J.: 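The structure that follows is given in the form of structure tokens.
Indexing begins at 1, ligand by ligand and atom by atom, following the structure's order. Model, not experiment: these values are computed from the prediction.
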Amino acid sequence: MSDLRPIGVFDSGLGGLTVAKEIIRLLPCEDIVYFGDTGRVPYGTKGPETIKRYAREDEKFLLSKGVKMIVAACGTVSSVAPDTAADLPVPFVEVISHSVKEAIEKTVSKKIGILATAATIKSGAHRRLILESLPDAEVTEVSGSLLVGLVEEGFTNKNDPLTIEAVRRYVQPFIDRKIDTLILGCTHFPLLADAVTSVLGEGVTLINMGTASAAAVKRMLTEKHMLNPTGGSHRFFVSDKGAEFQKTASVLLGEDINKENVETAVIDSI
Ligand code: DGL
């Protein structure tokens, strides 16, 4: 059995492309519809009610495109608004629980760091899940909301002094606490992985939420006999057109994505 409908992936902006990239790597024959809410980014500095409303509206938009599954490729939505998935008529994948599992498998010292948006850190979602499995873990949480803007603006180069200085400010507590594993708890942050490693050093394992979450997508579609063996197309929607989305999508996904490939989404308010 197969299901030829696309997988729907959404984020507040271009960060969710880091998750889409991992899904494409694991499931090259799946069609994907990506929605980046670039007109309302950032989500991570907003309150829970606003984030939940945005999440419902984004999910509704993807459903209108006939998707068979929704992936919240956004740490903020996954931690603050996972309950918006309860009424969805299609399977849902969030990005927090799978990455926590990976961090628990990889840590040796049980000193785990989380770098995420203010809303995600406030929700305590990663910390709760880590301590459920590893009660004696030492969890260090840092809210790095400013880094989201840096990524959206394309300032991700590890040789850029501005990028390195901003990253250094946020990762210093992880150096002080001698963590051995850092969850990049915002899907924008894998784009800063090189900069983070150049400050933290090679000894700290970085967890990209996309990797474990893409594996979960594959597992779920396989179990439900919903894989698509014949697709491979990718459509991109944004709520506000900016050059950076198209540029980052092209580089990250290794596809020639031009302005015409990125469509403007009209989001119905709920
Ligand atoms: N990429 C998002 C996340 O994973 C959200 C960043 C933001 O909009 O603040 O949290």
Side-chain angles (χ1 to χ4, degrees), residues 8-23 34-59 62 70-82 84-85 92-100 102-103 113-127 129 141-156 166-167 170 182-193 196 206-214 216 236-240 242 244-245 248-249 252 265 267:
V9 180
F10 77 95
D11 179 43
S12 59
L14 53 76
L17 290 168
T18 62
V19 181
K21 178 182 173 175
E22 301 301 328
I23 297 174
Y34 183 93
F35 171 58
D37 197 3
T38 48
R40 302 192 290 198
V41 69
Y43 284 10
T45 50
K46 311 236 165 38
E49 288 317 312
T50 304
I51 295 166
K52 284 182 190 176
R53 179 163 55 82
Y54 287 177
R56 281 196 205 95
E57 290 169 356
D58 301 347
E59 287 157 3
L62 286 176
I70 291 183
V71 181
C74 174
T76 305
V77 167
S78 298
S79 57
V80 176
T84 59
F92 175 80
V93 173
E94 45 75 38
V95 291
I96 304 287
S97 56
H98 316 288
S99 51
V100 163
E102 192 185 338
I114 299 147
L115 181 62
T117 64
T120 298
I121 296 298
K122 204 163 165 211
S123 80
H126 290 94
R127 166 183 285 274
L129 286 173
E141 297 159 294
V142 174
S143 138
S145 297
L146 178 64
L147 300 177
V148 174
L150 268 190
V151 172
E152 286 287 327
E153 289 296 318
F155 289 105
T156 54
V167 166
Y170 288 109
L182 175 64
I183 300 178
L184 300 174
C186 167
T187 54
H188 280 69
F189 296 168
L191 289 154
L192 291 168
V196 170
L206 300 188
I207 306 290
N208 172 346
M209 296 196 294
T211 321
S213 307
F236 302 93
F237 291 87
V238 291
S239 49
D240 188 78
E244 215 49 56
F245 181 91
T248 305
L252 202 62
I267 301 301

J.: Is there a donor-acceptor contact under 3.5 Å from the side chain of Thr84 to the main chain of Arg56?
T.: no
J.: So, using side chain to side chain contact (heavy atoms under 4.5 Å, CB included) as the criterion, who are the partners of Ser213 when residues are at least two apart?
T.: Val95, His98
J.: So what's ligand 1 close to, N/O to N/O, under 3.5 Å?
T.:
from, atom 1, to, atom 2, distance (Å)
ligand 1, 1 (N), Asp11, OD1, 2.9
ligand 1, 1 (N), Asp11, OD2, 3.3
ligand 1, 1 (N), Thr187, OG1, 2.9
ligand 1, 1 (N), His188, ND1, 2.7
ligand 1, 4 (O), Gly75, N, 2.6
ligand 1, 4 (O), Thr187, N, 2.7
ligand 1, 4 (O), Thr187, OG1, 3.2
ligand 1, 8 (O), Ser12, OG, 2.6
ligand 1, 8 (O), Tyr43, N, 2.7
ligand 1, 9 (O), Tyr43, N, 3.3
ligand 1, 9 (O), Gly44, N, 2.8
ligand 1, 10 (O), Gly75, N, 3.4
ligand 1, 10 (O), Thr76, N, 3.0
ligand 1, 10 (O), Thr76, OG1, 2.6

J.: Without swapping roles, check the side chain of Glu153 against the backbone of Phe155 for a donor-acceptor pair under 3.5 Å.
T.: no
J.: Return the CZ to OH distance between Phe245 and Tyr34, rounded to the nearest 0.5 Å.
T.: 5.5 Å
J.: State whether the side chain of Ser239 and the backbone N or O of Gly39 hold a donor-acceptor pair below 3.5 Å, judged by distance alone.
T.: yes
J.: Between CG of Leu191 and CG of Leu252, what distance do you get to the nearest 0.5 Å?
T.: 5.5 Å
